[in-house]
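What follows is a short report on a single structure.
Worth knowing before you read on, the calculation uses all heavy atoms, side chains too, and leaves out hydrogens, waters and symmetry mates. Just so you know, residue 1 is the first one in the sequence shown, and it goes up from there.
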Amino acid sequence: NVCIIPVHEAFTPLLAIEKLQRLDPTEKNNCIYFNFTASLPSKKDADQPQYSVLMTEVYWFLFSLVGMGFVEDVETGESFRLTGNSDWQIFVEVASTEEASSLEDFLQRIPLFKYIGDKREIQSTAKFDVDKDVQIVCKYLKVYDEVGRHKNVLKIDELAKQNAPKIIAEGRDLSPEECHRLLDKHMPEHVKERKLMQHLFVKYMKRRCEVLEKCPGFMYNQGGGE
């Protein structure tokens with residue numbers, strides 16, 4: 001359950017709150033992803049004052065949401081609260097620039113994150129770490145490629161006939177090179193542009209694989225090989 005909030009020149013607390021209100025508070029895992037697409041202006045740029053105003057507004061929004069667990073739009077009274085019955089994950093991604101360190105500038109303007117959160121500087125082109133989750137997703141993608149497609153939907157019956165659940169559960173791990181090839185082939189282009197979006201793609205695909213494994217039509221032939 002992911003809520004993506006773009007942070008750019010048109011950002012307002014109300015628009016962000018309206019997006020947050022669509023999250024299901026009964027979900028055990030909720031993810032809020034702030035995608036900073038507002039470009040850092042140069043020191044001589046005429047947009048510097050507007051950028052500073054935007055970042056100040058974003059700072060107080062994030063401080064209220066992350067620090068207090070509650071955020072409100074003062075003009076309309078619309079609000080959102082982080083409930084205690086969900087494991088909230090909040091990600092913030094800031095685009096890099098050639099002129100300055102975006103992470104450094106970001107921490108100066110949003111000092112809240114100097115004291116909380118895990119800060120990483122990652123190149124979008126860096127290869128994915130092939131962990132257990134990546135292996136599961138890539139094994140499914142490999143079987144998907146080998147069995148074939150039907151209007152971009154997995155052929156559940158065909159996968160089941162080939163005993164795919166057992167192959168996936170017990171088969172050997174794929175090489176990192178093959179995993180990277182499969183991810184590169186199946187990731188949408190807009191996902192490849194952001195490392196965090198790549199992470200969310202793998203997380204989403206893993207959840208879909210887990211759901212598929214519980215599907216009776218997929219699991220009925222798991223007992224013995226054919």
Side-chain angles (χ1 to χ4, degrees), residues 1-8 11 16 19-20 22-24 27-40 58 62 65-66 86-107 110 113 116-147 149 152-154 159 164 168-169 171-213:
N1 203 10
V2 180
C3 174
I4 300 176
I5 300 177
V7 180
H8 45 57
F11 173 89
K19 280 181 170 286
L20 290 169
R22 297 173 196 161
L23 288 170
D24 183 355
E27 280 277 344
K28 292 300 181 184
N29 293 293
N30 278 308
C31 174
I32 304 172
Y33 167 44
F34 289 92
N35 182 11
F36 277 73
T37 57
S39 57
L40 173 66
V58 172
L62 287 169
L65 179 66
V66 180
S86 180
D87 181 18
W88 294 93
Q89 298 183 67
I90 299 177
F91 295 92
V92 178
E93 184 170 6
V94 185
S96 60
T97 64
E98 296 180 0
E99 181 173 330
S101 168
S102 294
L103 180 59
E104 212 170 280
D105 177 78
F106 177 77
L107 293 177
I110 315 266
F113 291 105
I116 63 173
D118 181 19
K119 293 164 280 293
R120 300 183 185 180
E121 197 160 0
I122 304 174
Q123 298 295 326
S124 62
T125 55
K127 295 295 185 182
F128 230 98
D129 290 336
V130 180
D131 57 14
K132 184 178 179 182
D133 290 352
V134 173
Q135 281 286 349
I136 292 173
V137 170
C138 288
K139 285 178 183 179
Y140 270 90
L141 292 176
K142 182 177 174 62
V143 175
Y144 175 56
D145 282 348
E146 290 175 349
V147 172
R149 313 178 191 182
N152 293 324
V153 178
L154 287 173
L159 290 173
I168 294 167
R172 65 174 180 80
D173 284 349
L174 304 177
S175 68
E177 292 75 18
E178 187 165 16
C179 288
H180 293 149
R181 180 188 65 78
L182 287 164
L183 290 175
D184 185 64
K185 178 181 178 180
H186 290 280
M187 273 187 184
E189 290 301 319
H190 69 278
V191 171
K192 295 178 184 177
E193 296 174 0
R194 300 269 181 175
K195 183 57 66 179
L196 186 53
M197 288 299 292
Q198 295 172 27
H199 170 79
L200 292 174
F201 173 84
V202 170
K203 183 175 180 180
Y204 170 81
M205 288 294 293
K206 177 178 178 286
R207 290 179 63 185
R208 295 302 91 198
C209 293
E210 290 173 342
V211 170
L212 191 59
E213 286 188 342

Under the side chain to side chain contact (heavy atoms under 4.5 Å, CB included) rule, what do W88 and I32 come out as? Steps first, then yes or no, please. CA-CA 8 Å; W88 294 93; I32 304 172; 4.0 Å; yes

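- Contact between P6 and F11 at its shortest, heavy atoms only, is O-CD1, 3.9 Å.
- When atom types are taken as modelled, the side chain of N30 and the backbone of D24 share a donor-acceptor pair closer than 3.5 angstrom.
- In terms of heavy atoms, P176 sits closest to V130 at CA-CG2, 3.8 Å.
- Between the CZ atom in R181 and the OG atom in S175 there is a gap of 9.0 Å [rounded to 0.5 Å].
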Between H186 and D145, is a side chain to side chain contact (heavy atoms under 4.5 Å, CB included) present by the stated rule, with each step listed? CA-CA 10 Å; H186 290 280; D145 282 348; 3.1 Å; yes

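- I116 CD1 to I90 CD1: the interatomic distance, rounded to the nearest 0.5 Å, is 8.0 Å.
- Shown here for C179 and L174, the closest heavy-atom pair between the two residues is SG-CB, 3.8 Å.
- Contact record, V134 with D131: N-OD1, 3.0 Å, taken as the closest heavy-atom pair.
- Nearest heavy atoms, V137 versus V202: CG2-O, 3.7 Å.
- Within the 3.5 Å criterion, the main-chain N or O of Y33 finds no donor-acceptor partner in the side chain of E93.
- Between H8 atom NE2 and N35 atom CG the span is 9.0 Å, to the nearest 0.5 Å.
- The two residues C138 and L182 make their nearest non-hydrogen contact at O-CD1, 3.4 Å.
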